[in-house]
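Structure first, commentary second.
So that the names make sense, note that chain A is the first sequence line, chain B the second, and so on, each numbered from 1.
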There are 2 protein chains.
Amino acid sequence: MSIVIPDFVGLACMTDETFALRTGLRAADAVVREIEARIVSGSLADGAHLPPERDLIDTYGVSRTVVREAVARLASKGLLESRPRYRPVVRRPGVDAALAAAGGVVGHLLRDSVGVKNLYDTRILLEGALVRHAALQARKDDIAALARALAANEAAIDNSELFYATDVAFHAVLYDVPRNPILPAVHRAFTAWLAEHWVKMPRSPERNRVNFLRHRDIFAAIQDRDPDAAEAALASHLNAAWEYVRGTFEGP
Amino acid sequence: MSIVIPDFVGLACMTDETFALRTGLRAADAVVREIEARIVSGSLADGAHLPPERDLIDTYGVSRTVVREAVARLASKGLLESRPRYRPVVRRPGVDAALAAAGGVVGHLLRDSVGVKNLYDTRILLEGALVRHAALQARKDDIAALARALAANEAAIDNSELFYATDVAFHAVLYDVPRNPILPAVHRAFTAWLAEHWVKMPRSPERNRVNFLRHRDIFAAIQDRDPDAAEAALASHLNAAWEYVRGTFEGP
DNA sequence: GCGCAAATTTGGTCATACCAAAGGCGATGC
DNA sequence: GCATCGCCTTTGGTATGACCAAATTTGCGC
């Protein structure tokens, strides 16, 4: 299985050991770029398995050490999905991969309430802009989607588990309105990162009902094309939720 | 040099070879968690050098292969800064590290104009919220900082290179107002990611002057505590800039 | 065909070796 | 006494080869 190797790194024409020397120190990086190119070019299709390491060894003329390092680096970049014992799976880069890559560090930033609050405030800021945008720009089908999400939310008031899911789904619709694929991904990231603390929040049908009513306020303001009211309702909603989350942190 | 090892992974008490087996397959991950813990606990201070690989080998009782993989993974998480031939430097996790981790994938998303537009639209959305926030909440010293940035911007009109820097700096002040460390980091990330395309944008003192005037409009609206005007000025400013950037992409 | 066991692949880890660059050390010269 | 240069040691980057256990494939028997 011989592949056509792009010429920006003259990999094909160089013999084994001189590899590192020529590229100016970085054998693995060169392999990374090679495989990267094959992924974006589609030569390695999304969802396909990466060839076995021993094949890559003689495809690129490097040692297994280097191949493995390259694979690890590609996995950390989100271009490969590598479960412990299985063959790595090719993943074309997407927004979710980018945010997942950030996730590893974000975990550390959320160890104290300050970090959580910062992230949550950022979310409030962004989501405030989103409800304004929705109030001004939402199309009929966006409003309809919001209405459906709101109805599902109301129907789940007595089921806190389900209520949480429909709560998230309602907010998700707001991120869909601008039809910018980055935004839904950011919402998924926010949700995933904050979920750990969110689930600790005390829940009850009464609380759920209050939250539903806030959602209804937001929806009504959007329907009325009133961005200020929509933003105010959202801010009030999210800030109230923070008070509950804050209580889950130990200390004064 | 024997260190106290946290107990959530019983590393200290297990003998070498059974390592991978007990942890359920993942020697490197266990080492990652160990070193991670030492970094957040401060046992490995920020800016310090990581011990030599050969030391880590017998500190953790694993092979060099595993140590190197662990180091690589920590570097990709932003906890270590590892230049090719040098000793890795410890970096306490920060927002910038999180965004830098995402940077690897973001590069791929910005290969076509659609990806750039999506990112840029996201920035417009967020920055719109920021100018609104500034108009409503900015303190005297925030306004003063904006005024200084604006003056520097005006003074650089005839120097396109310097103008770009002061342009970025002016916008940066907007991200500082909420005093949320995430936001300045996001601005740095936006700037770094979009810089590649931005620098291709044709520049001239005339264009600089127009941009400066837009900045002045934004500043005036903030000073007048008029969020709607501020947001409108910003949107107009950024959308106009996009028209220029868009031209740098090959046409259909 | 189909399921199950044996044989083969293949990823994870270890051990060892070599090279070249980085870093430390001592001699040299001012 | 201090700065500089060069040698020696340390240390990271890579290559090899081996072994194990899990994953996958093969193929046998039903």
Item to check | From D:dG12, C:dG23, C:dC14, nucleotide with atom closest to B:Val62 side chain | outcome: C:dC14

Checklist entry - B:Glu69 has an atom CD; how far is it from atom P of D:dG13, in whole Å? => result 14 Å

Checklist entry - Is A:Glu36 salt-bridged to A:Lys77, cutoff N-O under 4.0 Å? => result yes

Next on the checklist: Which label fits B:Trp242 and B:Phe249: parallel for a plane angle under 30°, tilted from 30 to 60°, or perpendicular past 60°?
Outcome noted: tilted

Checklist outcome for this item: Rounded to whole Å, CZ of A:Arg83 lies from P of D:dA22 at a distance of 15 Å

Checklist entry - Checking A:Arg123 against A:Tyr120: charged group under 6.0 Å from the ring centre and within 45 degrees of the axis? => result no

Checklist outcome for this item: To the nearest angstrom, the CD-C1' distance between B:Glu53 and C:dT16 comes to 15 Å

Checklist entry - Can you tell me how far C1' of D:dT11 sits from CG of B:Asp58, to the nearest Å? => result 14 Å

Checklist entry - Which one, C:dA15, C:dA21, C:dG12, comes nearest to the side chain of B:Arg85? => result C:dA21

Checklist outcome for this item: Whole-Å distance, A:Ile57 CD1 to C:dT10 P, equals 11 Å

Checklist entry - Using a cut-off of less than 4.0 Å, is there contact between a side-chain N or O of B:Arg87 and OP1 or OP2 of D:dG12? => result yes

Item to check | Spacing between B:Arg54 atom CZ and D:dG12 atom C1', to the nearest angstrom | outcome: 7 Å

Checklist entry - Ion pair present between A:Arg179 and A:Asp141, side-chain N to carboxylate O less than 4.0 angstrom? => result yes

Checklist entry - In whole angstroms, how far is the P atom of C:dG12 from the CG atom of A:Leu50? => result 12 Å

Item to check | Contact under 4.0 Å: A:Arg68 side-chain N or O vs C:dG12 OP1/OP2 | outcome: yes

Checklist entry - Between A:His49 and A:Ser63, which has a closest nucleotide on DNA chain D that is more 5'? => result A:Ser63

